[in-house]
Amino acid sequence: MSLLAVEQLRVAYGRIRAVQGLDLRVDEGEAVCLIGANGAGKTTTLKALAGLLPAQGAIQFDGHRLGGRPAHEIARLGLTLVPEGRGIFPRMTVLENLQMGAYARRDRHAVKDDLEQVFSLLPRLAERKTQKAGLFSGGEQQMLALGRALMSQPRLLMLDEPSMGLAPVMVQTVFGIIGQIIARGVSLLLVEQNARLALKVCQRGYVLEHGAATLSGPATELAADPAVQAAYLGEV
Amino acid sequence: MNARKRAWLAALALGLGLAVLPFALDGLLGPYWVRVLDFALLYAMLALGLNIVVGYAGLLDLGYIAFYGVGAYLYALLASPQFGIHWPFWATLPLGAALAALFGILLGTPTLRLRGDYLAIVTLGFGEIIRIFLNNLDAPVNITNGPQGITAIDAVHIGGFSLGRRHELLGMSVPSTVLYYYLFLICMLVVVFISLRLENSRIGRAWVAIREDEVAAEAMGVPTRNIKLLAFAMGASFGGLAGGLFASFQGFVSPESFNLMESIMILCMIVLGGMGHIPGVILGAVLLTVLPEALRYVGDLQRHVLGRVVVDPADLRMLLFGLALVLMMRFRPAGLWPSRRRQREFSATGDVAEQEQASLFDARR
């Protein structure tokens with residue numbers, strides 16, 4: 001059984017239908033990406049799955065039906081969203097941000113171990129752990145958002161546009177970290193404008209157009225597809 | 001060991017100081033100042049309550065005085081000739097706190113989705129509604145006695161010992177105001193203790209997270225709805241407690257005491273003292289209670305020096321008060337005695353350098 005199985009997801013902002021009948025699944029340990037143009041419904045999908053937007057359709061996650069559950073309950077089930085624009089707590093320190101990631105957890109000793117793990121994955125955070133997060137560069141904030149999400153021991157990590165607003169060199173660094181997170185066996189659902197990078201780190205992908213998946217398959221196949229190349233990879 | 005010893009000594013000195021303070025004030029400045037001191041303690045409790053809502057959870061509440069009114073009127077109705085009910089304080093005070101908490105939830109529930117200015121306007125309206133209700137609930141059934149208010153409210157009794165009268169204790173004549181001082185002090189210490197425990201708990205951290213970014217807090221598994229309601233309820237309960245104490249101390253309540261200006265004063269206390277920092281909030285409450293009283297002497301001073309009163313001290317008081325607030329915001333925007341967290345939030349020095357360094361880090365990669 002899939003870790004996440006979404007059938008006929010529909011999300012609307014008033015009368016504007018942003019997602020209309022999306023089918024999607026992510027298996028345990030799998031990294032899946034959603035690619036598509038602006039306004040295709042990628043971000044909306046992630047927000048709806050996280051419980052931040054009301055949605056219709058059947059969402060099954062780790063044996064639970066998610067429909068209608070509040071966001072904080074969904075987060076406690078292990079479906080963790082790193083929102084677009086990162087959503088860190090700017091006036092808390094790095095350490096406090098990371099501790100907030102573990103807010104819903106009760107296993108204090110394991111939290112301590114995970115903190116060490118995050119610091120070893122992201123040594124830059126360890127260096128600056130007593131500093132105010134709002135003073136960070138975009139790349140550092142993205143690292144912090146990733147670290148904070150990992151502190152919640154996610155069963156499935158959802159990343160919304162992790163490359164947005166970052167310097168090109170920093171995009172490489174952040175995707176290097178995402179690659180390491182995938183290598184550790186964390187299941188991932190990635191939304192990304194930069195289709196090339198997304199298809200490189202993920203095993204499978206979906207192409208979204210007008211709120212529905214028009215193409216799906218293994219990342220290598222999608223990357224080789226002439227239509228995808230023309231539309232999203234900037235190749236002729 | 002040494003540091004611990006010093007902390008103990010400091011606590012002991014503070015305790016002794018607080019214990020003899022009313023007698024010292026009575027002897028040096030007269031009995032009126034003991035009364036001012038009592039009010040300072042009441043306002044400190046109110047400020048600590050509002051501090052939970054505004055300082056911790058970041059929800060701007062401009063109708064906070066309503067909870068004070070709810071507590072005061074509940075005490076007044078259950079311990080006065082108004083209905084001929086004379087319940088003891090140990091029943092009415094907690095009941096007042098509980099009813100205020102309920103009103104807090106009543107205010108919180110419909111305003112959960114509001115933030116900032118919008119929330120401020122709704123809470124302001126709520127405060128006024130409560131006051132107007134108190135003012136008009138004398139018809140068709142007379143409950144609150146309208147604008148005349150409720151008089152002859154029972155003083156706090158412990159057994160046969162009334163705090164409302166002067167007593168001869170240990171060969172000393174102890175006035176009622178001093179007895180109330182000790183009661184208020186105990187209540188304030190309880191409020192401080194609860195505030196401290198909340199601040200350093202999971203709930204306290206959740207409040208800070210909501211203040212920073214509500215959506216992110218929800219995404220971290222914080223049940224933001226309940227946690228916000230809890231802030232309203234806890235803050236309101238402190239207000240209700242202070243209200244009950246106020247009613248018993250004054251022996252008289254009327255809607256006049258619960259107007260918008262009072263809400264704003266309490267907000268000023270926590271802003272001036274240092275939002276979110278317990279010692280700062282208490283300092284702000286004491287200063288803003290004592291200062292206007294002290295400025296009354298400005299009239300005497302003018303008469304003494306200039307031979308006549310040039311500026312009416314009442315006008316001057318508000319003028320100096322306004323000036324003090326403006327200067328404060330200019331030179332100590334985080335408050336007179338801010339918490340380390342607030343200081344960090346407001347600090348500008350070093351920010352630019354750190355940000356530059358952060359961007360350099362991106363560029364080096």
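Within every chain, numbering begins at 1; the chains are lettered A, B, ... in the order of the sequence lines, protein sequences first and strands thereafter. For the numbers below, each heavy atom of this structure counts, side chains included, while hydrogens, waters and symmetry mates do not.
Note that CG of B:Asp213 and CE of A:Met100 are 10.5 Å apart. Values are rounded to the nearest 0.5 Å.
Most heavy-atom pairs under 4.5 Å with chain B: of the set A:Gly51, A:Ala104, A:Ala71, A:Pro70, this distinction falls to A:Ala71.
Within 6.0 Å of the NZ atom in A:Lys47, the count of heavy atoms belonging to other residues, nucleotides or ligands does not exceed 12. Taking a 6.0 Å sphere around CZ of B:Arg225, one finds it holds 12 or fewer heavy atoms contributed by other residues, nucleotides or ligands. Annotation: B:Leu327, atom CG; neighbour count of heavy atoms from other residues, nucleotides and ligands within 6.0 Å is above 12. Applying the 6.0 Å contact sphere to CD of A:Glu127 captures more than 12 heavy atoms from other residues, nucleotides or ligands. With a 6.0 Å radius and a threshold of 12 heavy atoms from other residues, nucleotides or ligands, A:Glu30 has its CD atom above the threshold.
In this structure, B:Met220 and A:Tyr103 approach most closely via the heavy-atom pair O-CB, 4.0 Å. Between B:Arg202 and A:Arg105 the shortest heavy-atom distance is NH1-O, 3.9 Å. For A:Arg76 against B:Gly221, the heavy-atom pair with the smallest separation is NH2-O, 2.7 Å. Residue A:Met92 comes nearest to B:Val208 through the heavy atom pair CE-CG1, 3.5 Å, listed as atom of the first residue, atom of the second, then distance. Looking at every heavy atom in both residues, A:Gly87 comes nearest to B:Ala216 through O-CB, 3.2 Å.
Of the two parts of B:Ile210, neither the backbone nor the side chain holds a non-hydrogen atom closer than 4.5 Å to a non-hydrogen atom of chain A. Using a 4.5 Å cut-off between heavy atoms, A:Ile88 touches chain B through its backbone atoms (N, CA, C, O) alone. With a 4.5 Å cut-off on non-hydrogen atoms, A:Ala50 does not touch chain B at all. If you measure heavy-atom distances from A:Pro90 to chain B, the contacts under 4.5 Å come from both the backbone and the side chain.
Checked by atom type and distance alone, the side chain of A:Arg91 never pairs as donor or acceptor with a backbone atom of B:Glu212 at under 3.5 Å.
Residues passing the salt bridge (Lys or Arg N to Asp or Glu O under 4.0 Å) test with B:Arg205: none are found, sequence neighbours excluded.
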